[in-house]
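When a ligand or atom number is given, it counts from 1 through the structure's own listing order.
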Amino acid sequence: MQALVRARLLDSHCHLPASALASERDSRWPGLDLPDTGRYFCNTTCEPEWRVALNLAGPESAIIPFLGIHPWFAETVTPGWERRLLLLLQKNPAGLGETGLDKSCPVNFDRQQQVFLAQLSMAVELHRPLVIHCVKAWGRLLEILEALAAPRPAIMLHSFSGSLEIMQRLLALGCFISFSPRLISNRQLHPLFIAAPLTRLLLETDTACHPSRPDPPPEATTISHLYQVAAALRGIPLPEFSQQVWNNGKIFAHTILPR
Ligand SMILES: [Zn+2]
């Protein structure tokens, strides 16, 4: 357990807890008690969250903000959203996310594509890392990404659950593959996780930024537990494994991380 306490753990995809959104006016997150050895890629899903995430970030903060419109919220954007997002990105070291395509939700798919493509262009133009959510839309997503001229932005497929063939096509494009606690609940992901190159792996909770916050359900998997399971699956000592994922996160987000 000692190694766990000392290891630097990256949560490569998490979200703002409801408490931070409720206290939007606070520039600091009240009661936030992040271990100083952690780093959190904190994603947003809709316009009102952008400012909150930016307020939590800063040169000394463990929270790295990602601003985006999630496909579930593609129909909630208000006129001028692209310009507002672009301005915030130009002024702040932030990535783009969470965005993507999701055919399992009732949101108009043409609208999802418009909103996703706008964010993808910003990632290309500003050299920002991009976090993609993809559900039942792999064909269209791969078509878009494979048509993208190099150099492509750094791309993470979050909570990956596609096939081995899809993963290999994403890897050929230079993408990072992030695994969520589904790795624990769904054994069918194990062969994929083991087949992924160590240099492209990321791990995420996909929940609120800190396991001690009351917002995640009590049974939510902590990032420490996920690292323990993942390191054991790869047969690599935990400190070595967590350092590798930490380094992968640094490469993925190098254009926005503090120097
Ligand atoms: Zn998410």
Side-chain angles (χ1 to χ4, degrees), residues 9-21 29 34 38-54 56-57 62-77 85 94-107 112 115-116 119-120 122-123 128-138 141 153-162 167 170 175-186 189 193 201-211 213 215-217 219-223 225-227 230 245 248-249 252-253 256:
L9 298 183
L10 168 69
D11 187 343
S12 68
H13 180 103
C14 58
H15 287 273
L16 294 163
S19 54
L21 292 169
W29 193 338
L34 291 168
R39 177 171 276 164
Y40 303 81
F41 290 167
C42 184
N43 283 246
T44 53
T45 59
C46 54
E47 285 182 75
E49 293 184 1
W50 297 343
R51 276 279 165 213
V52 186
L54 288 173
L56 294 174
I63 296 169
I64 310 299
F66 282 72
L67 312 182
I69 303 290
H70 191 289
W72 297 352
F73 297 94
E75 288 172 321
T76 71
V77 290
L85 180 53
L96 277 140
E98 153 174 19
T99 179
L101 299 173
D102 189 335
K103 279 193 175 163
S104 74
C105 74
V107 179
Q112 288 188 41
V115 170
F116 171 61
Q119 294 173 89
L120 177 61
M122 289 183 220
R128 299 299 169 87
L130 176 76
V131 177
I132 296 181
H133 161 117
C134 184
V135 177
K136 297 185 176 165
W138 292 109
L141 180 71
I155 295 172
M156 171 200 308
L157 272 299
H158 113 82
S159 193
F160 185 73
S161 61
M167 186 172 82
L170 291 165
C175 298
F176 289 84
I177 310 292
S178 183
F179 288 87
S180 72
R182 285 191 204 176
L183 185 63
I184 299 171
S185 57
N186 180 1
L189 290 175
F193 177 71
L201 276 180
L202 293 168
L203 285 178
E204 61 174 273
T205 58
D206 197 15
T207 182
C209 279
H210 192 255
R213 300 297 304 170
D215 308 309
E219 71 278 11
T221 303
T222 63
I223 194 68
H225 182 50
L226 183 57
Y227 270 84
V245 179
N248 296 347
F252 166 69
I256 59 168

Chemist: Please list, in chain and residue-number order, the protein N/O/S atoms closer than 2.8 Å to the Zn ion (ligand 1).
Modeler: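 The answer, once waters are left aside, is His13 NE2, His15 NE2, Glu98 OE1, Asp206 OD1.
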
Chemist: Compute whether any side-chain donor of one residue and acceptor of the other, for Glu49 and His15, lie under 3.5 angstrom apart.
Modeler: no

Chemist: Sort out for me which residue in Thr99, Ile132, Val131 forms a side-chain contact (heavy atoms from CB on, under 4.5 Å) with Gln119.
Modeler: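 Result: among Thr99, Ile132, Val131, Thr99 is the only option passing the side-chain contact (heavy atoms from CB on, under 4.5 Å) with Gln119.
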
Chemist: Taking side-chain contact (heavy atoms from CB on, under 4.5 Å) as the criterion, tell me which of Leu203, Leu226, Ile223 meets it with Asp11.
Modeler: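 Exactly one option meets the side-chain contact (heavy atoms from CB on, under 4.5 Å) with Asp11, and it is Ile223.
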
Chemist: Is the His13 ring parallel, tilted or perpendicular to the His158 ring (thresholds 30°, 60°)?
Modeler: parallel

Chemist: Donor-acceptor check, side chain of Asn43 to backbone of Phe41, threshold 3.5 angstrom: yes or no?
Modeler: yes

Chemist: Give, for atom OG of Ser12 and atom CG of Leu201, the distance between the pair rounded to the nearest 0.5 Å.
Modeler: 10.0 Å

